[in-house]
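We name chains A, B, ... by the order of the sequence lines, and we start the count at 1 in each one. Atoms considered below: every heavy atom in the structure, side chains included; atoms not considered: hydrogens, waters and symmetry mates.
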Protein chains: 2
Amino acid sequence: MRGYDKHAFEPFAVTVDLAVLTLRAGALHVLLVERGQEPYAGQWALPGGFLLPRESAETAARRELAEETGLSDVSGLRLEQLRTYSEPDRDPRMRVVSVAFTALLPDAPEPHGGGDAAQARWQPYDQARPLAFDHERILADAHDRVGARLEYSCLATAFCPPEFTLGELQNVYETVWGVALDRPNFRRKVLATPGFVEPVPGAARLTGGRGKPAALYRAGTATALHPPLLRPSREGRPA
Amino acid sequence: MRGYDKHAFEPFAVTVDLAVLTLRAGALHVLLVERGQEPYAGQWALPGGFLLPRESAETAARRELAEETGLSDVSGLRLEQLRTYSEPDRDPRMRVVSVAFTALLPDAPEPHGGGDAAQARWQPYDQARPLAFDHERILADAHDRVGARLEYSCLATAFCPPEFTLGELQNVYETVWGVALDRPNFRRKVLATPGFVEPVPGAARLTGGRGKPAALYRAGTATALHPPLLRPSREGRPA
DNA sequence: AGTCTTTATAGTCGAGACGACTATTAGTCG
DNA sequence: CGACTAATAGTCGTCTCGACTATAAAGACT
């Protein structure tokens with residue numbers, strides 16, 4: 001490796017990709033766009049695009065989300081950086097390095113295409129294939145990350161509207177993890193964690209339909225869960 | 001934002017930066033290089049450099065580590081992507097997007113400068129300031145990440161030589177977390193976690209000096225810790 | 001030698017968390 | 001009104017965890 005010019009550097013294109021997840025009708029959905037341009041024109045992909053000259057990756061992610069899907073300023077949308085994908089041939093046009101983000105939304109406003117996207121829509125997570133580029137891998141990584149972060153952080157409330165019932169919060173865990181949780185135990189655990197949720201004092205209640213009305217809660221001030229809310233043990237199955 | 005050319009993209013320089021940590025004399029150390037080139041010539045920085053045209057970020061990270069510090073093929077060096085730093089003005093020369101990695105080493109071979117690095121050395125973590133660019137922030141992020149991953153993964157064994165005592169493993173936790181742990185309880189917990197460590201059968205032992213010889217262990221096959229080994233609760237201090 | 005110090009390892013004990021489960025309450029639906 | 005549904009309350013045995021004590025095996029000191 002000696003002898004190459006130490007100051008030489010290759011220019012790369014830098015993009016962002018977004019794995020935006022939400023819950024609709026009790027199922028995990030992901031925001032997809034139909035590509036309007038080559039390569040992969042007509043195929044579905046994660047929203048995203050090139051960084052502008054003076055943008056940070058997070059700024060670019062918010063801009064592309066707004067441009068391609070019409071989702072903007074969605075009640076404090078929290079983006080979390082997932083990782084960066086830099087394999088040399090991940091884009092057939094040229095060398096592209098992509099910074100991937102995850103985001104979670106409570107309600108699901110309908111997106112609409114724009115910019116490079118012919119159209120945009122929520123797609124059930126299980127049916128989000130095939131995807132352009134290496135976006136299937138990015139989406140799978142995002143799912144793993146969100147599942148893991150539910151254990152140790154208060155992230156689950158980001159899937160819920162500003163005021164929610166403990167049943168709705170439990171649905172988040174069950175849907176993302178794909179397991180059933182015991183309701184009384186979940187309740188005990190959540191309420192025993194200081195700062196996770198706080199009750200809405202106005203004796204509020206909400207009826208989705210049948211059954212006893214549930215008390216409403218708001219997201220608490222904590223961001224980390226101590227102790228964590230571990231998913232049911234996959235005993236004997238070393239990860 | 002309408003009206004800009006959808007295919008326009010700005011070329012960026014892409015670099016990698018490495019936060020390589022090790023334990024020396026019971027203290028956390030980080031691998032630093034003295035910059036030989038402007039900007040920040042003569043100042044200390046994390047090792048790293050530009051991606052070559054057909055390199056992935058991880059490949060570039062291993063190459064730069066070898067070039068700048070002479071550390072190569074260090075018994076299965078495991079790099080983990082930390083995050084990507086893309087603020088527009090983080091490099092005074094031009095627009096540079098940097099993919100940061102963390103790595104952990106057991107023993108600490110002495111590094112030697114090379115490439116862009118005038119010299120390289122292990123520096124105690126507490127005294128690793130000031131650093132060039134935004135490397136202080138990257139280093140702090142790396143420390144946070146490693147501390148968190150010790151709880152949920154078997155990462156701690158990466159700080160240890162191939163065969164180690166439980167006391168050495170405990171030192172990793174105590175040094176990174178900056179807390180003292182109860183030795184019998186630590187032992188009980190580690191041995192109760194299947195796949196974390198496995199005893200070296202050959203009645204092996206090792207004496208660093210005084211005291212009863214300790215049994216030797218090897219890293220197990222597990223990569224995740226279930227249940228996690230939580231650090232002492234910061235009760236009442238919501239994170 | 002004999003004792004002290006140091007480190008590893010074994011074991012004990014009580015508080016609390018957790019999983020599985022049952023019971024009660026408060027609504028809607030037919 | 002009862003059947004059904006979902007939320008909430010409570011119970012109970014097991015297991016974990018932190019704090020602590022005790023023992024074992026080495027070097028250091030006198």
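At the phosphate of dT8(D), OP1 or OP2 sits under 4.0 Å from a side-chain N or O atom of Arg187(A). Remark: Lys189(B) is in phosphate contact with dC17(D), judged by side-chain N or O atoms under 4.0 Å from OP1 or OP2.
Between Leu216(A) atom CG and dG27(C) atom P the separation is 14 Å, expressed in whole Å. Between the CG atom of Leu181(B) and the C1' atom of dT7(C) there is a distance of 16 Å, rounded to whole Å. If you measure from atom NZ of Lys212(A) to atom P of dA26(C), you get 6 Å, rounded to the nearest angstrom. Taking atom CZ of residue Phe186(B) and atom C1' of nucleotide dT16(D), one finds them 16 Å apart after rounding to whole Å. Spacing between atom CZ of Phe164(A) and atom P of dA7(D) amounts to 14 Å, rounded to whole angstrom units.
Between dC18(C), dG27(C), dG27(D), one nucleotide has an atom nearer to the side chain of Arg210(B) than all others, and that is dG27(D).
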Pairwise N/O distances under 3.5 Å, protein to nucleotides 19-21 of chain C:
unit_1: dG19(C); atom_1: O6; unit_2: Arg188(A); atom_2: NH2; d: 2.9
unit_1: dA20(C); atom_1: N7; unit_2: Asn185(A); atom_2: ND2; d: 2.9
unit_1: dA20(C); atom_1: N6; unit_2: Asn185(A); atom_2: OD1; d: 3.2
unit_1: dA20(C); atom_1: N6; unit_2: Arg188(A); atom_2: NH2; d: 3.2

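Ring geometry for Tyr173(A) against Trp177(A) counts as perpendicular: the plane angle is over 60°, on a 0 to 90° scale with 30° as the lower cut.
For Tyr125(B) and His143(B), the distance between ring centers is under 6.0 angstrom. Phe164(B) has its ring centre no less than 6.0 Å from the ring centre of Tyr217(B). The ring of Tyr152(A) has its center closer than 6.0 angstrom to the ring center of Tyr152(B).
The pair Arg149(B)-Glu80(B) meets the salt-bridge criterion, with a side-chain N (NZ, NE, NH1 or NH2) lying under 4.0 Å from an Asp/Glu carboxylate O.
Considering only residues two or more places apart in sequence or on other chains, Arg83(B) meets the side chain to side chain donor-acceptor pair (under 3.5 Å) condition with none of them.
Residue contacts for Arg183(A): at a heavy-atom cut-off of 4.0 Å it reaches a base atom on one of the strands shown.
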